[in-house]
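For reference, the structure is listed below as structure tokens.
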Amino acid sequence: MARSTTYWNYIKTEELLGLQTGVDKNDVELSNDEVMFIVVHQIDELWFKLILRELAAVRDLFAQERVREQSLSAVVRGLRRTALLFNQIATHFQLMETMTTRDYLSFRDKLSPASGFQSAQLREIEILIGLDASKRVPLGHESSYMEALKHADGSKSAAFHRVSRRLGDLPTLYDALGDWLFRTPIQGSTPEAETDPQHVDEFIESYIEAHSTEVAKVKRRACELAKTDKDRERLTKRYDREVLNARAFLRALDRPEEHRPRSSRIRASLVFIESYRELPLLAWPREVLDAVVELEQSFLIFRQRHARMVERVIGRRTGTGGSAGVDYLDQTALRYRIFHDLWTVRTLLIRKDALPPLLGPEVYGFVANQ
Ligand code: HEM
């Protein structure tokens with residue numbers, strides 16, 4: 001016999017409505033500001049929960065040895081949903097801004113030293129995406145973000161265990177995406193082929209040449225229009241640097257020598273997918289790349305929006321978690337970028353008509369008109 005339920009049993013409404021008490025016994029005596037403060041944090045933790053589920057599912061799809069074409073639409077859906085969730089959280093900060101500085105100060109001391117810095121789920125999201133621990137901005141009095149997840153007596157909290165487990169949950173989305181990109185056929189060639197390094201090399205050289213021809217055209221025009229010699233000199237330097245940067249990027253000169261072949265192939269794949277995205281088998285991969293950028297963009301906007309809300313409500317005072325407050329938050333928004341290469345590639349892309357000729361289009365499902 002089918003089990004019957006009710007709305008309140010399924011949603012756990014009564015339990016949910018009993019959770020907004022903060023450090024008090026119930027919420028009767030709390031101000032509306034404080035209840036809103038608690039509710040918004042709770043909602044955002046729930047959104048974090050959904051984000052983690054989506055990101056883990058996307059990572060799992062990429063972690064397969066062979067990622068099927070059909071999986072890519074699910075990947076894009078998951079990434080876009082995640083970006084939307086971050087956007088939702090960012091809009092909640094507007095709600096927080098209806099609270100004045102004095103309203104917040106009337107209950108702020110109750111929280112201290114609790115802080116969003118102890119949000120285990122935010123740390124999990126960063127770890128799952130692939131934030132390297134060495135890139136983290138130090139908080140202040142805590143020796144590490146993991147220390148901040150211990151109880152006052154030094155014992156490990158549930159939050160600490162949650163984050164520890166996530167540290168062991170590999171690969172990260174960044175690594176899984178990198179492995180997938182590494183396997184992308186470039187000019188019809190795959191990494192298993194003995195001749196692959198040569199094909200990739202030829203593609204990179206032809207792309208650099210096409211790119212520098214394009215930049216030279218723009219440079220010539222900009223110099224013709226320059227008002228002074230000094231301006232012309234400045235523009236020349238700038239465009240010449242663009243050409244040098246393109247070569248350094250595609251040759252992965254910023255990476256340690258032993259990592260260069262892999263990084264260089266991954267970067268060539270990014271350029272290849274973006275450049276020949278009209279080919280049937282590259283259409284979804286290109287959507288994937290766009291959705292990853294959308295995800296990172298929404299995460300960065302969430303961080304920046306939080307920082308501006310904090311500046312508006314508490315100014316530049318020290319955070320309850322003991323950090324430099326807004327300065328700390330602004331640094332995280334600046335430094336916590338993970339998919340650098342996906343952004344950099346956008347500086348290098350050129351017009352369709354200027355691209356090097358495509359080899360082996362049939363590998364990508366292209367069928368010439370009969
Ligand atoms: C009046 C409202 C708020 C103020 C004044 C505030 C203030 C701060 C400050 C100063 C920090 C830096 C760490 C510290 O020293 O405490 C911080 C971190 C954080 N806050 Fe808020 N916050 C507010 C609301 C929110 C809301 C609604 C969320 C929900 C998502 C949130 C999530 C976080 C997270 C996750 C961090 C850690 C950021 C990181 O380490 O990258 N905060 N907050």
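We count ligands from 1, going down the list as the structure has it; atoms in each ligand are counted the same way.
- When only interatomic distances are considered, the shortest N/O to N/O separation between Tyr328 and ligand 1 falls below 3.5 Å.
- Listed by number with element, the atoms of ligand 1 under 4.0 angstrom from any heavy atom of Met99 are 1 (C).
- With hydrogens left out, the protein atom closest to atom 12 (C) of ligand 1 is Ser323 OG, 3.4 Å, a heavy atom.
- Electrostatic pairing of Glu287 and Arg80 counts as a salt bridge here, judged by a charged N lying under 4.0 Å from a carboxylate O.
- Here the two rings, on Tyr7 and Tyr10, have centers that are 6.0 Å apart or farther.
- Ligand-side atoms of ligand 1 in range of Phe37: 1 (C), 2 (C), range being under 4.0 angstrom from any heavy atom.
- In the vicinity of Gly322, heavy-atom distances shorter than 4.0 Å reach the ligand 1 atoms 15 (O).
- Using a 4.0 Å cut-off between charged nitrogen and carboxylate oxygen, Arg166 and Asp169 count as a salt-bridge pair.
- The shortest side-chain heavy-atom distance between Ile186 and Asp196 does not fall under the 4.5 Å cut-off.
- Salt bridge Lys49/Asp44: absent, no basic N to carboxylate O contact under 4.0 Å.
- Remark: ligand 1 atoms within the under-4.0 Å shell around heavy atoms of Val40 are 27 (C).
- Checking only distances, Arg303 does come within under 3.5 Å of ligand 1, N or O to N or O.
- Both cation-pi conditions hold for Arg303 and Phe299: the charged atom is under 6.0 angstrom from the six-membered ring centre and inside a 45 degree cone around its axis.
- Here the heavy atom of the protein found nearest to atom 16 (O) of ligand 1 is Ser115 OG, 2.7 Å.
- Nearest protein heavy-atom contact of atom 5 (C) of ligand 1 is Tyr104 CE2, 3.6 Å.
- Ligand 1 has an N or O atom lying under 3.5 Å from an N or O atom of Gly321, backbone or side chain.
- For atom 7 (C) of ligand 1, the closest non-hydrogen atom on the protein side is Val310 CG2, 3.5 Å.
- Once rounded to the nearest 0.5 Å, the distance linking OG1 of Thr190 with CZ of Arg265 reads 7.0 Å.
- Protein heavy atom nearest atom 29 (C) of ligand 1, with residue, atom name and distance: Asp44 OD2, 3.1 Å.
- The existence of a salt bridge linking Glu214 and Lys217 is confirmed by a sub-4.0 Å separation between a basic side-chain nitrogen and an acidic carboxylate oxygen.
- Only side-chain heavy atoms of Phe93 come within less than 4.0 Å of ligand 1; its backbone N, CA, C and O stay farther off.
- Considering every non-hydrogen atom in both Leu131 and Lys135, the closest pair reads CD1-CB, 4.3 Å.
- The single protein non-hydrogen atom nearest to atom 28 (C) of ligand 1 is His41 NE2, 3.5 Å, given as residue, atom name and distance.
- Using a cut-off of 4.0 Å between Lys/Arg side-chain N and Asp/Glu carboxylate O, Arg267 and Asp254 are scored as salt-bridged.
- Nearest to atom 27 (C) of ligand 1 among the protein's heavy atoms is Met96 CE, 3.5 Å.
- For the pair Arg305 and Phe86, the cation-pi test (distance below 6.0 Å, angle within 45°) is failed.
- Contacts between Leu122 and ligand 1 below 4.0 angstrom, taking non-hydrogen atoms only, involve the side chain exclusively.
- In this structure, the protein non-hydrogen atom closest to atom 21 (Fe) of ligand 1 is His306 NE2, 2.2 Å.
- Against a heavy-atom cut-off of under 4.0 Å, Gly319 is close to the following atoms of ligand 1: 10 (C), 14 (C), 15 (O), 16 (O).
- Contacts with ligand 1 closer than 4.0 Å are made by no heavy atom of Glu45, backbone or side chain.
- Residue Gly116 has at least one heavy-atom neighbour below 4.0 Å for each of these atoms of ligand 1: 19 (C), 20 (N), 33 (C), 34 (C), 35 (C), 36 (C), 37 (C).
- Looking at Arg123 against ligand 1, only its side chain comes within 4.0 Å, counting heavy atoms.
- In this structure, Arg234 places its CZ atom where more than 12 heavy-atom neighbours from other residues, nucleotides or ligands lie under 6.0 Å away.
- Aromatic ring centres of Phe117 and Tyr328 lie closer together than 6.0 Å.
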